[in-house]
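What you see is a predicted model, and the numbers here were worked out from it, not measured in a lab.
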Amino acid sequence: MASDLRKSVFPARPRPAKAWRRGLLAWLGLLLFLAPTPAQSGRQRERPEEKPRAGFELVSTDGGFRVRLPRGFEQPKREDSPSGTVIVFTSAAANETVCQVAARTFARPELGDATADQVMDAARNVLLRPYQGAIEQEDSYIVQGHPARAVFFGGRRGDKAVFGRADFIFAPPRLYQLAIVTTFPVELDRDDVQRFFESFTLLNP
């Protein structure tokens with residue numbers, strides 16, 4: 001499984017492209033989906049009286065961020081690219097919903113004149129490709145002065161329907177991605193999942 005992740009996240013022969021687009025190919029396959037169970041339909045919020053338990057706090061000093069995972073996700077497994085430019089943290093819950101946090105560090109010349117929207121558009125498109133994903137909603141916001149975007153999507157993984165949310169934060173020279181992918185759409189409406197995305201903090205903004 002780890003070798004499959006390495007092959008998909010760190011492709012050996014990227015196609016010719018602008019430097020920053022080549023770098024974004026490293027995101028391909030970031031959301032490695034682990035034996036998804038049959039999808040359920042319908043969404044609902046947690047009952048107000050439910051008190052969510054605290055999730056694992058992930059702190060990456062070399063990645064420059066802090067984030068609190070939703071409950072049910074343990075300490076994530078870390079994988080690094082050989083060059084050290086990509087860091088990926090992956091954790092799966094008991095229902096095999098996947099939570100991932102990734103950071104891609106660009107050399108400043110790689111970015112050239114690319115805008116934040118161009119970089120996030122490209123990362124979003126690479127993310128959706130393996131799921132044949134369709135965007136359901138897309139919202140822009142700001143994280144500590146840096147542009148960010150939330151993307152809600154649906155798609156397929158094999159013969160299973162999948163549902164996901166991925167947030168991108170562009171804080172040059174890094175692009176961050178936070179993602180939840182599941183076959184249970186109700187998971188995306190959990191309050192602690194919302195807090196996962198809201199808890200992302202840059203250590204050196």
Taking the side chain as every heavy atom from C-beta outward, state whether P76 and L58 have any atom pair closer than 4.5 Å.
yes
Which value, rounded to the nearest 0.5 Å, describes the distance between C99 atom SG and L178 atom CG?
7.5 Å
Not counting sequence neighbours, which residues clear ring-ring contact (aromatic ring centres under 6.0 Å, His included) with F200? List them please.
F65, Y176
Nearest heavy-atom pair of A93 and F73: which atoms, and what distance?
N-CE2, 3.4 Å
Test log, rule side chain to side chain contact (heavy atoms under 4.5 Å, CB included), inputs V162 and F184
CA-CA 8 Å; V162 296; F184 297 86; over 6 Å; no
With a 6.0 Å cut-off (strictly less than), is the heavy-atom count around CD of Q144, excluding the residue itself, greater than 12?
yes
Any side-chain to backbone donor/acceptor pair from T182 onto F163? Under 3.5 Å, distance only.
no
Report the C-alpha distance between T97 and N95 in whole Å, list the side-chain angles of each, state the deciding distance to 0.1 Å, and finish with yes or no for side-chain hydrogen bond (donor to acceptor under 3.5 Å, both in side chains).
CA-CA 6 Å; T97 294; N95 65 1; 3.0 Å; yes
Could you check if a side-chain atom of F170 sits within less than 4.5 angstrom of a side-chain atom of L111, using non-hydrogen atoms only?
yes
Does F106 reach the side chain of P172, with side-chain heavy atoms less than 4.5 Å apart?
no
I would like to know whether L188 and Q194 meet side chain to side chain contact (heavy atoms under 4.5 Å, CB included); could you show each step before the answer?
CA-CA 8 Å; L188 298 180; Q194 175 66 30; over 6 Å; no
How close do S60 and G63 get, heavy atom to heavy atom, and via which atoms?
OG-N, 2.9 Å
Report yes or no: is the cationic atom of R165 (NZ for Lys, CZ for Arg) closer than 6.0 Å to the six-membered ring centre of F197, at no more than 45° off its axis?
yes
Nearest heavy-atom neighbours spanning R190 and P70
NH2-CB, 3.8 Å
Should we say atom CG of D139 is surrounded by more than 12 heavy atoms from elsewhere, each under 6.0 Å from it?
yes
Does some side-chain heavy atom of E79 sit less than 4.5 Å from a side-chain heavy atom of V86?
no
Do F153 and E136 have side chains that approach each other closer than 4.5 Å (heavy atoms only, starting at C-beta)?
no
Taking the side chain as every heavy atom from C-beta outward, state whether R157 and P130 have any atom pair closer than 4.5 Å.
yes
Could you tell me whether the side chain of D167 reaches within less than 4.5 Å of the side chain of Y141, counting heavy atoms only?
yes
Residues D192, R195: salt bridge by 4.0 Å N-O rule
no
Over 12 foreign heavy atoms within 6.0 Å of CD, Q132:
no
Which atoms form the tightest heavy-atom contact between D159 and R156, and what is the distance?
O-NH2, 2.6 Å
Looking only at non-hydrogen atoms, find the nearest pair between L202 and V143 and report the distance.
CD1-O, 4.4 Å
Would R149 and D117 count as a side chain to side chain contact (heavy atoms under 4.5 Å, CB included) here? Give the steps.
CA-CA 9 Å; R149 190 184 300 177; D117 280 339; 3.1 Å; yes
Working to the nearest 0.5 Å, report the span between OG of S91 and CD of Q75.
9.0 Å
Let me confirm one number: the CD1-OG1 distance from I169 to T201, rounded to the nearest 0.5 Å.
10.0 Å
Using a strict threshold of under 4.0 Å (side-chain N to carboxylate O), is an ion pair present between E110 and R104?
yes
With side chain to side chain contact (heavy atoms under 4.5 Å, CB included) as the criterion, how do R124 and I135 come out once you've worked through the C-alpha distance, each side chain's angles and the decisive distance to 0.1 Å?
CA-CA 9 Å; R124 175 203 63 202; I135 298 170; 3.5 Å; yes
Ion pair present between D62 and R78, side-chain N to carboxylate O less than 4.0 angstrom?
yes
T105/R174 under side-chain hydrogen bond (donor to acceptor under 3.5 Å, both in side chains): CA gap, chis, key distance, verdict:
CA-CA 4 Å; T105 303; R174 290 193 178 107; 3.2 Å; yes
Validation row: M120, P147 side chains within 4.5 angstrom (heavy atoms)
yes
Under a side-chain separation threshold of 4.5 Å, the hydrophobic residues clustered together with V59 are L203
Closest contact, heavy atoms only, F196 versus S199:
O-OG, 2.9 Å
